Amino acid sequence: MSDRESCSEDEFFEANEDLTSSSSTKQLETGVDNLVLAEKPVVVPGCKLNLPCRGGRENVVIIADTTTSKEEDDLETSIAGSKSIITHLLSQVRVGMDLTKIVLPTFILERRSMLEMYADFFAHADLFARIPDYSTPKERFVEVVRWYISSFHAGRKSSLAKKPYNPILGETFSCMWDVESSVPVKEDSVSDATMEQSPVAWANRNCVSFIAEQVSHHPPVTAFYAEHPGKRVSCGAHIWTKSKFLGLSICVQLVGEGSLTDHVHNETYRVSFPSAYARSILTTPWMEMGGKGELICDETGYVASIDFQCKPFVGGTRNRITGELREPNSKKPFMVLDGHWNGVVNAKVGSESTVFVDTTTMPVVPKLVQEVSSQGATESRKLWCDVTNNLPHDITAATEAKQKLEEKQRQEARYRKENSVAWEHRHFHGSVENGFKYNNPLSKRL
């Protein structure tokens, strides 16, 4: 694999949602009369919502996009002042080396866990929920592709490449997206029994709920699952992240597969993921995506190939994407895509070209999470709150908090090994070799 080929998203995809500590939340218990849940999340770090919800919504916090140019400046300053650290780190690695066990400087960390980053795949939860509404297999396949292409931009608006926290074994993250205003469903469309076993205990009937769990530490594997019970659509995935050092770049490969299931029409769409690169790691790092993503529906025979193109050394643009959608048993595409995954993608059918995805204008559905103080001990924001609260201003304190977490994980691993105690997953079952599945998917509860 060359330096300009595909790689993936293990640790270097950037996300722009600032994490909210319980203390900052307490300062914003002001209601939501002035919040507009449209176009983009409101630029405040968090606010309690008091909306009707199964299990209550008093401890649910809405997190808005608060990344600013000031935050990027802070990172650039940290990098500029820490070149010796980066140079020393790079002296320990060689081209092609797996970076899984390499500890990178705390100052380049993004202020959230990798598990939360995966939730960005559902930033356009309304597109995901509406897939079963379309009447023909072809229309539904097109909508699956539309959702897939739109799922990469939400947390990556910044030009800088930052590293999410490496999840510790057993770490979890849960959230939901309320899509009631854009994807209405009948109140009686989902039984109480189905909702009682939802992956998010406090989710309501008309939402997309999400649960992720770190199911393996070496190798690092994450499993996640999302569903909208009212629309009878779900999605699960397992992703093994592999990082490689390429000289002046770092490549992160996503090894694994996702599957989106439309339970109304009994169709399952298998999807694979592109890779990510962190470029210019000795100066100001930036990220791009590269490689192919494929979408296949075995029941209907529809296939799509999406090519995420890395920027050439000379000329060209960043973040370009092309793609082809093909009907069953056909080598000729019925739709050709071209554009930028973080901007506008156009679709050409015959001689006509139309906008297929425009991420600059599409509404992003804000995710809802429980207040940190109400979260369980294994939830990402609870686990990493001391690191998050100290970044980027107190790197020493953030590093100490991070090391404390990592040392606790090592002690627990030693205990299990010395006492022959097997690790037990909470929400998923399976293996690294064969993949992981959610324990109680929608298919078992309908």
Side-chain angles (χ1 to χ4, degrees), residues 15-32 35 37 40-67 110-126 128-129 151 154-155 164-165 167-168 170-180 195 198-214 222-228 235 364-389 391 426-427:
N16 299 308
E17 287 191 41
D18 198 10
L19 296 189
T20 303
S21 67
S22 57
S23 60
S24 62
T25 300
K26 291 174 183 176
Q27 298 171 4
L28 291 160
E29 296 176 4
T30 57
V32 292
L35 299 187
L37 303 184
K40 290 187 178 181
V42 185
V43 185
V44 294
C47 185
K48 285 188 176 180
L49 298 180
N50 295 307
L51 303 176
C53 175
R54 183 176 63 87
R57 184 73 73 77
E58 61 273 8
N59 288 324
V60 177
V61 179
I62 181 171
I63 303 303
D65 185 347
T66 57
T67 297
E110 181 181 325
R111 300 174 65 219
R112 65 174 183 170
S113 171
M114 178 78 69
L115 299 190
E116 183 168 354
M117 188 201 71
Y118 287 131
D120 281 340
F121 283 131
F122 300 91
H124 296 289
D126 50 343
F128 170 76
S151 67
Y165 310 142
I168 67 172
E171 179 180 334
T172 60
F173 177 78
S174 59
C175 66
M176 62 168 268
W177 297 264
D178 196 322
V179 294
E180 183 173 2
M195 290 304 302
S198 168
V200 178
W202 41 272
N204 60 33
R205 282 175 165 77
N206 198 357
C207 75
V208 174
S209 54
F210 174 93
I211 181 74
E213 179 180 349
Q214 191 69 8
T222 301
F224 65 79
Y225 174 81
E227 67 176 36
H228 189 304
C235 179
V364 171
V365 182
K367 62 175 173 284
L368 306 176
V369 299
Q370 279 191 309
E371 188 176 19
V372 172
S373 61
S374 301
Q375 292 181 3
T378 64
E379 284 270 351
S380 295
R381 294 188 178 186
K382 187 90 161 192
L383 279 171
W384 295 95
C385 64
D386 288 339
V387 181
T388 300
N389 293 341
L391 283 176
R426 294 183 59 195
H427 303 288

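Keep in mind it's a predicted model, so treat the numbers as computed, not measured.
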Visitor: Rounded to the nearest 0.5 Å, what separation is found between the OG atom of Ser113 and the OH atom of Tyr118?
Guide: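 The OG atom of Ser113 sits 9.5 Å away from the OH atom of Tyr118.
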Visitor: Provide the closest heavy-atom pair for Phe128 versus Cys235 in the form atom of the first, atom of the second, distance.
Guide: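 Closest heavy-atom pair between Phe128 and Cys235: CE1-CB, 3.8 Å.
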Visitor: Using the six-membered ring wherever Trp is involved, compare the ring planes of Trp384 and Tyr165 and label them parallel, tilted or perpendicular (cut-offs 30° and 60°).
Guide: parallel
Visitor: Determine, stepwise, if the pair Ser198 / Glu227 fulfils side-chain contact (heavy atoms from CB on, under 4.5 Å).
Guide: CA-CA 9 Å; Ser198 168; Glu227 67 176 36; 4.3 Å; yes
Visitor: Let me confirm one number: the CD-CD distance from Glu171 to Glu116, rounded to the nearest 0.5 Å.
Guide: 10.0 Å
Visitor: Drop me the distance from Lys382's NZ to Thr388's OG1, to the nearest 0.5 angstrom.
Guide: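 Going from the NZ atom of Lys382 to the OG1 atom of Thr388 covers 13.5 Å.
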Visitor: What are the two closest non-hydrogen atoms of Val200 and Phe210, and how far apart are they?
Guide: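 Result for this residue pair: CG2-O, 3.4 Å.
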Visitor: Do Glu180 and Cys207 have side-chain heavy atoms sitting under 4.5 Å apart?
Guide: no
Visitor: Counting C-beta onward and ignoring hydrogens, is there a side-chain heavy-atom pair between Phe122 and Lys367 closer than 4.5 Å?
Guide: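 Not touching, per the 4.5 Å side-chain cut-off.
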Visitor: Testing the basics here: between His228 and Arg205, what is the closest heavy-atom pair and its distance to 0.1 Å?
Guide: CE1-O, 3.7 Å
Visitor: Locate the shortest heavy-atom distance separating Leu383 from Thr378; write the atom from each residue and the value.
Guide: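 Closest approach of Leu383 to Thr378, heavy atoms only: CD1-O, 3.3 Å.
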Visitor: Within the 4.5 Å heavy-atom criterion, are Asp178 and Val365 side-chain neighbours or not?
Guide: no
Visitor: Does a side-chain heavy-atom distance below 4.5 Å link Tyr225 with His427?
Guide: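 Not touching, per the 4.5 Å side-chain cut-off.
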Visitor: Just by modelled atom types, is the Arg426 backbone N or O under 3.5 Å from a matching donor or acceptor in the Glu213 side chain?
Guide: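 Yes; at least one donor-acceptor contact below 3.5 Å.
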Visitor: Is there a donor-acceptor contact under 3.5 Å linking the side chains of Gln214 and Thr222?
Guide: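 Their side chains do contain a donor-acceptor pair, which is all the 3.5 Å distance test asks for.
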Visitor: Pro199 and Ile211: which non-hydrogen atoms are nearest, and at how many Å?
Guide: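 Between these two residues, the closest heavy atoms are CB-CG2, 3.6 Å.
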Visitor: Which heavy-atom pair separates Ala119 from Trp177 by the least distance, and what is that distance?
Guide: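 That would be O-CZ2, 3.2 Å.
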Visitor: Any sub-3.5 Å donor-acceptor pair from Glu379's side-chain atoms to Val372's backbone N or O?
Guide: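 Absent.
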